[in-house]
Amino acid sequence: MGYDALLWLSFGGPEGPDDVMPFLENVTRGRGVPRERLLEVAEHYRHFGGVSPINELNRDAMAAVGKLLAAAGVDLPVHFGNRNWHPMVEDTLASLTASGARRILVFPTSAYGGYSACRQYDEDIERARAAVGAGAPELVKIRQFFDHPLFVSAVADGVRAAHASLGDAPGIRTVFTAHSVPSSADLASGPPSEGGRRYSRQIAEAARLVAAEAGIDSYDVVWQSRSGPPQVPWLEPDIVDHIDALHESGVTGVVVSPIGFVSDHLEVIWDLDNEAKERAEEHGMAFARAATAGSDPRFAELVVELVREHTHGVEPRKLSPFPAAGCTVNGAPCAVGCCEPAKRPAR
């Protein structure tokens with residue numbers, strides 16, 4: 001049995017000033033985030049006219065994938081659905097169901113495992129199918145791809161280009177960043193039998209692979225974009241704090257690669273191109289931010305290759321010893337207890 005469509009499943013983002021607060025309320029629903037914090041984050045979006053670049057970046061990538069699929073003779077229309085903003089995944093799936101789709105491949109725009117990076121997309125799939133009800137299509141989620149050679153080579157070329165932009169200046173340090181998560185969430189990532197920390201271990205492995213590809217012997221892995229209360233431990237160090245530490249140790253410049261992200265959306269632009277860059281400039285340090293993989297032509301090639309693993313039996317390519325994971329059906333987790341969400345305290 002073949003597939004009727006490719007569902008491009010992403011986080012979503014506001015596309016105008018009036019969208020910002022409703023979007024943030026969707027993102028934080030059920031988490032008890034104070035309104036003051038939402039207003040603070042809303043200012044980041046308003047700095048860019050209330051528009052997150054993520055939806056447009058996704059549309060560009062989808063168009064590139066659609067062209068490659070057609071060129072490869074794969075008849076698979078690409079449809080867009082989001083978790084937190086329009087087009088919502090529930091609406092997209094309802095439309096696909098009404099058009100007669102019975103089996104759909106799902107590409108989640110995350111390369112890694114973990115609750116936020118993988119399991120939450122399973123929940124999106126499960127929720128969307130429940131909203132459609134009886135007759136909902138079968139949804140097959142595509143696997144994680146942090147160690148795919150096309151992803152690694154695209155990120156590595158971004159790192160090389162960032163270094164080249166700083167010339168031959170000595171003392172430039174390479175720093176890889178990914179979205180921080182609560183330490184408890186990282187500990188719960190992956191199947192319990194694996195011992196946890198699949199997310200941070202995959203980030204470390206991706207950094208190792210990219211550094212090797214780029215010919216970099218020494219580098220750091222740090223975190224960004226934490227949003228939780230200060231009393232809750234999150235993965236550290238933060239990129240801005242790390243720049244302070246590098247300056248104190250005599251480092252004169254930094255190349256930052258947001259390896260944990262697939263596109264230059266607002267968290268990359270704000271946390272790195274604004275806050276991290278400004279801190280480096282305060283210290284008189286050279287700064288360059290490497291491009292993410294999503295705008296590289298190899299990213300579309302990667303997605304098509306992942307699709308063809310399902311449609312044409314193409315042999316999966318990967319560069320790490322981590323098990324291939326994330327490919328599940330109808331929102332089921334990879335394994336019992338895999339990437340369990342944190343239990344919130346009773347009120």
Side-chain angles (χ1 to χ4, degrees), residues 1-13 22-23 25-31 54-55 58-59 61-62 65-66 69 74-145 185 188-191 198-199 262 303-304 306-311 324-344:
M1 180 180 178
Y3 295 91
D4 301 307
L6 175 65
L7 172 58
W8 192 278
L9 180 56
S10 192
F11 188 82
F23 161 73
E25 288 164 355
N26 282 345
V27 172
T28 60
R29 56 185 176 264
R31 290 170 50 187
I54 191 170
N55 280 354
N58 277 318
R59 292 186 183 106
M62 289 168 58
V65 168
L69 286 170
V74 181
D75 183 16
L76 204 67
V78 187
H79 295 263
F80 192 16
N82 284 321
R83 176 185 305 155
N84 296 302
W85 201 246
H86 307 287
M88 302 295 284
V89 63
E90 295 93 334
D91 298 334
T92 301
L93 187 60
S95 176
L96 285 168
T97 305
S99 71
R102 303 304 309 138
R103 197 166 184 235
I104 298 170
L105 273 175
V106 181
F107 174 72
T109 56
S110 169
Y112 299 92
Y115 175 71
S116 296
C118 184
R119 178 73 182 267
Q120 202 165 6
Y121 288 101
D122 294 328
E123 294 178 355
D124 296 336
I125 289 168
E126 188 176 27
R127 185 182 67 254
R129 293 188 78 249
V132 169
E138 179 179 80
L139 299 187
V140 180
K141 182 159 71 73
I142 288 172
R143 69 179 176 90
Q144 298 155 15
F145 55 88
S189 64
R198 174 178 278 186
Y199 173 65
V262 299
V303 177
V304 171
L306 294 171
V307 166
R308 285 170 56 83
E309 290 179 9
H310 293 267
T311 60
C327 178
T328 61
V329 178
N330 292 342
C334 294
V336 175
C338 188
C339 301
E340 286 284 356
K343 300 293 190 295
R344 303 197 182 282

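Values below: every heavy atom of this structure, side chains too, minus hydrogens, waters and symmetry copies. Just so you know, these numbers come straight off a predicted model, no measurement behind them.
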> For R198 and A325, which heavy atoms make the closest approach, and how far apart are they?
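Closest approach of R198 to A325, heavy atoms only: NH1-CB, 3.2 Å.
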
> Between N58 and I54, is there a donor-acceptor pair closer than 3.5 Å when you use the side chain of the first and the backbone of the second?
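Checking the backbone N and O of I54 against the side chain of N58, a donor-acceptor pair under 3.5 Å is found.
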
> Does some side-chain heavy atom of W85 sit less than 4.5 Å from a side-chain heavy atom of P22?
yes

> Do R103's NZ or CZ and the ring of Y3 fall within the cation-pi criteria of under 6.0 Å and 45°?
yes

> Determine whether a donor-acceptor pair (N or O, by modelled atom type, separation under 3.5 Å) exists between the side chain of R102 and the backbone of E138.
no

> Walk me through it: do Y112 and Q144 pass the test side-chain contact (heavy atoms from CB on, under 4.5 Å)?
CA-CA 5 Å; Y112 299 92; Q144 298 155 15; 5.8 Å; no

> For a side-chain contact (heavy atoms from CB on, under 4.5 Å) with P137, tell me which candidate from D4, L7, T97 qualifies.
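Filter result, single survivor: T97.
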
> Mind checking whether T92 and F80 have side chains closer than 4.5 Å, heavy atoms only?
no

> Does some side-chain heavy atom of I142 sit less than 4.5 Å from a side-chain heavy atom of E309?
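E309 does not reach I142 side chain to side chain.
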
> Looking at E90 and R127, does any basic side-chain N land under 4.0 Å from a carboxylate oxygen?
yes

> Search all heavy atoms of C339 against all heavy atoms of G190 and return the closest pair with its distance.
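Nearest heavy atoms, C339 then G190: SG-N, 3.1 Å.
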
> Would you indicate whether the side-chain heavy atoms of L139 and R129 approach each other to under 4.5 Å?
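Yes, their side chains come closer than 4.5 Å.
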
> With respect to V65, which candidate in V303, L306, V307 satisfies the side-chain contact (heavy atoms from CB on, under 4.5 Å) definition?
V303

> What distance separates H79 NE2 from L6 CG, expressed to the nearest 0.5 Å?
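Here the rounded value is 9.0 Å.
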
> Measure the acute angle between the ring planes of F107 and W8, then classify it against the limits of 30° and 60° as parallel, tilted or perpendicular.
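Geometry flag for W8 against F107: tilted rings.
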
> What are the two closest heavy atoms between L96 and A5, and how far apart are they?
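Nearest heavy atoms, L96 then A5: CD2-CB, 4.0 Å.
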
> Just how far is it from atom CG of D124 to atom CE of M88, taken to the nearest 0.5 Å?
9.0 Å

> With side-chain contact (heavy atoms from CB on, under 4.5 Å) as the test, would you mind laying out the steps for E123 and Y115 before giving the verdict?
CA-CA 10 Å; E123 294 178 355; Y115 175 71; 2.7 Å; yes

> For S10 versus T109, what's the shortest heavy-atom pair and its separation?
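Taking S10 first and T109 second, the nearest heavy atoms are OG-OG1, 3.0 Å.
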
> In Å and rounded to the nearest 0.5 Å, what is the SG to CZ distance from C334 to R143?
12.0 Å

> Could you tell me whether a side-chain N or O of N84 sits under 3.5 Å from a main-chain N or O of F11, the two making a donor and an acceptor?
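Side chain of N84 to backbone of F11, a donor-acceptor pair under 3.5 Å: yes, one is there.
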
> Less than 4.5 Å apart, any side-chain heavy atom of K141 and any of C118?
yes

> Are side-chain N/O atoms of N82 and N55 paired as donor and acceptor at under 3.5 Å?
yes

> Taking atom types as modelled and ignoring hydrogens, do the side chains of E126 and Y121 form a donor-acceptor contact shorter than 3.5 angstrom?
no

> Side chains of D122 and T328: donor-acceptor distance under 3.5 Å anywhere?
yes

> Please find the pair of heavy atoms, one from C327 and one from H310, that lie closest to each other, and give the distance.
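So the minimum-distance heavy-atom pair works out to SG-CE1, 3.5 Å.
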
